[in-house]
Amino acid sequence: MSFFFEVLVAGLLSGVMYALVALGFVLIFKASGVFNFAQGAMVFFAAATYAGLQQEHHLAAWIALPLALAAMVVLGLAIERVVLRPLVNQPQITLFMATIGLAFFIEGMSQMFWGSTPRGLSVGVEDQPFQWLSDRYNVNVSQFDVFAAVISGILVVLLALFFQRTRIGRALRAVADDHQAALSVGIPLQYIWAIVWAVAGFVALVAGLLWGARNGVGFSLTFTALKALPVLILGGFESIPGAIVGGLIIGASEKIAEVYLGPHVGGGIEGWFAYVIALAFLLVRPEGLFGERHIDRV
Amino acid sequence: MSRALSSPNVAPAQAAARPALAVNNVEVIYDHVILVLKGVSLEVAEGGIVALLGANGAGKTTTLKAISNLLGAERGEVTKGSIEFRGERVDRLTPNDLVRRGVCQVMEGRHCFAHLTVEENLLTGAFTRRDSRADIAGSLEKVYHYFPRLKQRRASQAGYTSGGEQQMTAIGRALMARPSMILLDEPSMGLAPQIVDEIFGIVGDLNGRERVSFLLAEQNTMVALRYAQYGYILENGRVVMDGAASELADNEDVKEFYLGLSTAGRRSFRDVKHYRRRKRWLA
C-alpha cells in the first residue's frame with residue numbers, strides 16, 4: 001500500500017510540473033486564441049539562459065534570475081510585436097503555423113547563444129526523499145517534487161487572482177471572448193497581448209527552471225513541454241484550474257499505468273499513456289473538464 | 001403609424017452651432033479594392049440623436065466603424081475625407097484614443113463578452129478610465145438605474161442572457177466609459193417590438209438626462225425616426241436624403257421605401273419590384 005501511495009504522490013507531483021508548462025499555453029490561448037506551439041521552446045530557452053548565465057558568465061543566482069526573467073519578457077514582447085501583430089486578423093491556422101516556425105527559431109537561437117551541450121541546473125533543493133517520512137511511514141517523497149509543487153501552486157493562485165480580480169485580467173478575458181467588442185470599448189489589443197506574452201515568458205521561466213533542475217537543461221526539454229498537450233485536452237484549453245487538474249490526472253495516471261500496467265505489456269508506456277487518456281477524453285468531453293463551453297444562441 | 005409622425009421628441013432642425021461630430025465626404029475601401037462608402041457627409045449636434053437609415057449593405061455599419069476607427073480590424077480603410085469630433089481630426093486615432101475622448105460604439109449584434117458575467121461586461125467598459133473604484137462603482141449604479149434588469153442578472157454569464165438583456169449590457173458597457181457620444185448600431189436587431197421600445201425609451205432618457213448624443217444606425221426606420229431629431233438616408237454608400245426626422249417621416253418616398261406605406265394603395269408584388277427599380281434614388 002505504501003508503494004502505491006509513493007507512486008501516486010510521485011505521479012501527482014510530476015503532474016504539477018506538467019501543469020506548469022500547460023499554464024503557459026493556457027495564458028496565450030485564453031487571451032488571443034492562438035495555440036502557441038513555441039511554448040516548449042520558450043521553456044527550453046528560459047532554462048538555457050538561466051543555466052548559461054550561471055555557468056558561462058559565473059553570475060550568482062540572484063543576478064541570473066532577474067536577467068533571465070528580463071530576457072523572457074523581452075522575448076515575449078518581441079514575439080508579439082514582430083510575429084503576431086502583423087498577422088492579426090489572419091486565420092487561426094496561419095497563426096498556429098507561425099508559432100511552429102517560431103518554435104524552431106527559438107530552439108536554434110538558444111543553441112546559438114548557449115551551445116547545444118546539456119547542462120545541469122540546481123535550484124538549491126535536492127531530489128532526495130524526506131528522511132522523516134521514510135523513517136516513520138516508510139514512504140519516499142522527493143523534497144524537490146514537493147518544492148516544485150509548492151512553487152507551481154503559488155504561481156497558479158497568483159495567476160487566477162490576476163485573471164479574476166484585476167482590471168487588466170478582466171480585459172484579458174474580454175479580449176479572449178471578442179476582439180472586436182474589446183476594441184470598441186477601448187481595450188487596446190496590442191497592449192493586452194504584450195502583457196500576455198510577457199507573462200507567458202515568466203511562466204516559461206519558472207517551468208524551465210523546475211524541469212531543468214529535474215531533467216537537466218537540454219534539447220529534450222521541448223519534448224517534455226509537449227506533455228502539456230494531453231494535459232490541456234483533459235483540462236480544457238481556456239482554464240487555469242483545468243491545467244492543474246489535468247496535470248495531476250495525467251501525472252498520476254501515467255505513473256500508475258507504468259508501474260502496474262507496464263509489466264504486463266512489456267513496459268515503457270509512461271511516454272505515451274498520457275496521449276491515450278487524452279484521446280479517450282476527446283471522445284467523451286471535447287471541451288475538456290473545465291474548458292469553456294461554446295455558448296450558442298439557437 | 002401616426003405615433004411616428006407626432007412624436008414629442010422631434011426637436012427643431014439640427015442646431016446651428018458647431019456640430020459635435022462632423023463626417024466630411026468620407027470614402028471607405030475594404031481590402032484595397034471594395035469601395036463601400038462613396039463620399040458620406042453627416043453631422044451630429046451636441047446632445048442630439050441622429051438616425052442613419054438605409055437598407056442592408058447601404059453602408060450604415062461601415063460609416064459607424066469609420067468614425068470609431070474599428071475598420072482596421074476588418075481590413076477597411078478611410079481613403080478620403082475627414083472625421084472631426086469637437087473640432088479635432090479623429091480619423092487617424094486608435095479606438096482606445098477615441099473612447100478616451102468620449103466616443104464609444106455599440107456594435108451590431110450586441111457583441112457581449114459571453115463568458116464574462118453581466119457585471120464584468122459592464123466593468124470592462126470602464127477600462128479606459130483612470131478614476132477611483134468609488135467613481136466606477138457610482139457609474140455602475142447609474143447603469144443599473146437605467147437598466148434595472150441588468151442588476152437582477154448581474155452575476156449571470158452574459159452569453160446566457162436574453163437578446164434584450166445583451167443589448168442592454170452592450171449599451172451599459174459603453175456608458176461605463178462615460179461617453180459624450182454613442183454610436184449605436186442596430187439596437188433593434190432580432191428583438192421583440194416591446195423590448196425595442198424599452199431600449200429606445202432608455203436611449204431617449206439617456207439623451208435627455210445625461211446629455212449623451214447618439215448616432216443611430218437602424219433598419220427599423222419608424223422607431224428610429226420617432227426618437228431622432230434628424231436623419232440621413234444611405235443608399236449604396238451615399239447619403240441620398242437628409243432632413244429633420246419629422247420631415248423624413250412625412251416624405252412620400254421614405255414612407256414607401258422604408259415604412260411600407262403608400263398613397264397609391266396596394267399593388268401587386270411584381271409591380272412594386274419594377275417600380276422600385278425604376279425609381280431608385282440618384283445621388
Next item on the list: I would like to know whether R167(A) and R133(B) meet side-chain contact (heavy atoms from CB on, under 4.5 Å); could you show each step before the answer?
Entry: CA-CA 11 Å; R167(A) 164 173 162 274; R133(B) 271 166 191 270; over 6 Å; no
Evaluate whether atom [atom1] of [X] has more than 12 neighbouring non-hydrogen atoms of other residues, nucleotides or ligands under 6.0 angstrom away.
X: Y191(A); atom1: OH; result: no
X: F85(B); atom1: CZ; result: yes
X: R81(A); atom1: CZ; result: no
X: M109(A); atom1: CE; result: yes
X: E141(B); atom1: CD; result: yes

What residue, out of [options], has the most heavy-atom pairs lying under 4.5 Å from chain A?
options: R75(B), E74(B), H111(B), K65(B); answer: H111(B)
options: T128(B), V106(B), L116(B); answer: L116(B)
options: M176(B), R100(B), E120(B); answer: E120(B)

Return the minimal non-hydrogen interatomic distance between [X] and [Y], and the atom names on each side.
X: F127(B); Y: G186(A); value: CD2-O, 3.8 Å
X: C104(B); Y: S184(A); value: SG-O, 3.5 Å
X: R173(B); Y: A181(A); value: NH2-CB, 3.8 Å
X: H115(B); Y: D177(A); value: N-OD2, 2.5 Å

Item checked: Atom group of A176(A) that falls short of 4.5 Å from chain B, counting heavy atoms -> neither
Rounded distance [0.5 Å steps], [atom1] in [X] versus [atom2] in [Y]:
X: T117(B); Y: R173(A); atom1: OG1; atom2: CZ; result: 7.5 Å
X: L98(B); Y: L183(A); atom1: CG; atom2: CG; result: 12.0 Å
X: T124(B); Y: D178(A); atom1: OG1; atom2: CG; result: 10.5 Å

Item checked: Part of residues 240-252 of chain A lying next to chain B, heavy-atom separation under 4.5 Å -> none
Note to self: Is T94(B) in contact with chain A via its backbone, its side chain, both, or neither, using a 4.5 Å heavy-atom distance?
What the structure shows: neither
Next item on the list: With the side chain counted from C-beta on, respond yes when Q180(A) and Q105(B) share a heavy-atom pair under 4.5 Å apart, and no when they do not.
Entry: no
